[in-house]
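Note sheet for the following structure.
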2 protein chains.
Amino acid sequence: MSSLPFHETLDLSLCGKLGRVHRICRQAVTQAVEPLGFTQPRWTAMMHIHHLGEGCTQHQLACSLDIEMPSLTRTMKQLEENNVIERRIDKQDKRCRKIYFTEHGQAQLAQLKMRISEVKALLYHGLSDDELNAIAHALVKLENNAQQCCDNISENGSTSE
Amino acid sequence: MSSLPFHETLDLSLCGKLGRVHRICRQAVTQAVEPLGFTQPRWTAMMHIHHLGEGCTQHQLACSLDIEMPSLTRTMKQLEENNVIERRIDKQDKRCRKIYFTEHGQAQLAQLKMRISEVKALLYHGLSDDELNAIAHALVKLENNAQQCCDNISENGSTSE
DNA sequence: CTAGATTAGTTAGCATGCTAAGTAAATGGT
DNA sequence: ACCATTTACTTAGCATGCTAACTAATCTAG
C-alpha cells in the first residue's frame with residue numbers, strides 16, 4: 001500500500017496530500033504559539049514584518065507573504081487590535097500604511113522566534129538537508145507547472161481559436 | 001535568494017509554501033474540470049467514491065478523503081443537487097447513507113478521469129519518479145512529525161505533570 | 001491644471017477546511 | 001428489557017484563503 005510510487009499514491013489525492021500536510025503543520029505551529037495569542041496568519045505576518053524591517057508597507061508584506069491584500073487586511077486589523085503592531089500613514093504617499101511593532105509587539109516577537117524555532121526542529125526531525133532541499137525544489141517545480149497550467153487554461157478558455 | 005537551503009527558505013514561511021503550492025495545484029485542476037461543474041472537493045470525492053466502489057458510506061469516504069464528516073456533508077449535498085450521486089439509507093443500519101452514482105454521474109466520472117489525467121501529466125512535467133517519491137516520503141515524515149507535535153502539546157497542555 | 005489610469009488599501013461575500021453541539025439509530029451492560 | 005454509550009450524519013458557525021468592487025491618493029497626458 002504505502003510502497004506505491006508517488007504518482008500512484010496521489011492519483012486520488014493529488015492536491016489532497018499537500019493540503020493535509022499543510023493543515024497539520026499549521027496546527028502544530030499554531031498550538032505552540034497560541035498561548036501568545038497568535039494564529040498562523042498572525043505569526044507568519046510578524047516574522048515577515050521582522051524580516052522586511054519595520055516601516056514596510058502592507059503591499060510589501062502581502063508580496064512577501066504571497067497572499068492577497070484583502071487576506072492581509074484582516075490579519076493587520078487583528079494584530080493592531082492585539083496591540084502588537086501599529087500602522088502609520090506614510091507622509092510621502094498617503095495611500096500607504098507603514099507597519100511598526102509596538103513595545104509589546106517587540107517582546108512578543110522575541111517569544112515567537114523562540115517557540116517557532118523549537119517547533120521547526122520537531123517538524124524537521126528525521127529529515128536531512130538533502131531531503132528538505134529535494135522537497136523544496138520539487139515544490140517549486142510543481143508550483144511553476146501549476147501556474148503555467150492555470151495560465152494556459154485561462155487563455156484558451158476564452159480565446160479558443 | 002532562491003539558492004538558500006530549504007530550512008532557510010522556510011524560516012519565514014514554514015507552512016506557507018505548502019499551502020501556496022496546494023492552492024495553485026488545486027486551482028489548476030479546478031480550472032480543468034470546472035466546465036463539468038466540479039470543484040476540487042467535488043471531483044476528489046467523485047474519484048474516491050469510484051475507488052472505494054459504489055455503495056460505500058459517507059464515513060468510509062470521509063476516511064478515504066481524510067477530511068471530517070461535516071466537510072463531506074456539504075460536498076455530498078452539492079453532488080446530489082447536481083444529480084451525479086444519490087444517497088440511499090442502508091437497510092441494515094439506518095444511520096448509514098450509501099453512495100451511488102446516477103447515470104449522469106457515471107458519464108461525468110468518465111469525463112473527469114480523462115481531464116484529471118491530462119492535468120496530472122502537466123503538473124508532473126519535469127519531475128522524475130525519484131523526485132516525486134522523495135517528495136512523497138518527506139511529506140509523510142513531515143506529517144508524522146507534525147502529528148506527534150500536536151499530540152504532545154495537547155497532552156502537556158492540560159495534564160502538565 | 002484637469003481627466004483618466006494606476007496603486008494602496010478596504011469592504012463584502014464566497015469556498016472549503018475545521019470544531020462543537022445536535023439527532024437518530026445501534027449496541028452493550030445490568 | 002431499558003438506560004447509557006457509541007456511531008453516522010447533520011447543522012451552525014469559525015478561520016483563512018480568494019475575487020469583485022469600492023475609495024482615496026498619486027501619476028500621466030494633453
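So you know, we letter chains A, B, ... as the sequences are listed, proteins then strands, and number each from 1. The structure presented is a predicted model; accordingly, all values stated were derived computationally and were not measured. Scope of the values below: all heavy atoms of this structure, side chains included, with no hydrogens, waters or symmetry mates.
- Listed by chain and residue number, A/K17, A/R20, A/V21, A/I24 satisfy the side-chain contact (heavy atoms from CB on, under 4.5 Å) test with B/E143 (two or more places apart in sequence, or in another chain).
- Here the P atom of nucleotide D/dA8 and the NE2 atom of B/H59 are 5 Å apart, to the nearest Å.
- If one axis is set at each end of the helix from C/dC1-D/dG30 to C/dT30-D/dA1 from five pairs, those axes are 10° apart, to 10°.
- In this view, B/K141 and A/E131 satisfy the salt bridge (charged side-chain N to carboxylate O under 4.0 Å, His left out) rule, not counting sequence neighbours.
- Note that CZ of A/R97 is 5.0 Å distant from CD1 of A/I89, once rounded to the nearest 0.5 Å.
- Without hydrogens or angle criteria, B/H51 side chain to B/M47 main chain gives no donor-acceptor distance under 3.5 Å.
- Shown here are the side-chain hydrogen bond (donor to acceptor under 3.5 Å, both in side chains) partners of B/D93, two or more places apart in sequence or in another chain: B/R95.
- For B/E34, the side-chain hydrogen bond (donor to acceptor under 3.5 Å, both in side chains) criterion is met by no residue, not counting sequence neighbours.
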What does the list of N/O pairs under 3.5 Å between the protein and nucleotides 22-24 of chain D look like, with a distance for each?
none

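- B/D90 places none of its side-chain heavy atoms less than 4.5 Å from the side chain of B/T57.
- Taking a heavy-atom distance under 4.0 Å as the criterion, the stretch of DNA chain C touched by chain A extends 5' to 3' from C/dT7 to C/dC18.
- A/Q60 comes within contact range of no nucleotide atom at all, as no heavy-atom separation falls under 4.0 Å.
- Taking a 4.0 Å limit (strictly below) on heavy-atom distances, residues 71-89 of chain A reaches DNA chain D at A/S71, A/R74.
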Which pairs of donor and acceptor atoms, one on a side chain in residues 66-79 of chain B, lie under 3.5 Å apart (sequence neighbours left out)?
| residue | atom | partner | partner atom | Å |
| --- | --- | --- | --- | --- |
| B/T73 | OG1 | B/M69 | O | 3.1 |
| B/T75 | OG1 | B/S71 | O | 3.4 |
| B/Q78 | OE1 | B/R42 | NE | 3.1 |

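- With sequence neighbours excluded, the residues satisfying side-chain hydrogen bond (donor to acceptor under 3.5 Å, both in side chains) with B/E80 are B/R87.
- Comparing A/E68 and B/D93, the nucleotide of DNA chain D nearest to each residue sits closer to the 5' end for B/D93.
- Checked by atom type and distance alone, the side chain of A/S64 never pairs as donor or acceptor with a backbone atom of A/Q60 at under 3.5 Å.
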Distance-only donor-acceptor hits, side chain of residues 102-115 of chain A, under 3.5 Å, sequence neighbours excluded:
| residue | atom | partner | partner atom | Å |
| --- | --- | --- | --- | --- |
| A/T102 | OG1 | A/N83 | O | 2.7 |
| A/T102 | OG1 | A/V84 | O | 3.3 |
| A/T102 | OG1 | A/H104 | N | 3.4 |
| A/T102 | OG1 | A/G105 | N | 2.9 |
| A/Q106 | NE2 | A/E54 | OE2 | 3.0 |
| A/Q108 | NE2 | A/L36 | O | 3.1 |
| A/K113 | NZ | A/H50 | NE2 | 3.2 |
| A/R115 | NH1 | A/A32 | O | 3.1 |

Verdict with reasoning, A/L18 to A/L139, per side chain to side chain contact (heavy atoms under 4.5 Å, CB included) = CA-CA 10 Å; A/L18 284 173; A/L139 284 177; 3.9 Å; yes

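- By the salt bridge (charged side-chain N to carboxylate O under 4.0 Å, His left out) test, A/D130 is found to be paired with no residue, residues two or more places apart in sequence or in another chain being considered.
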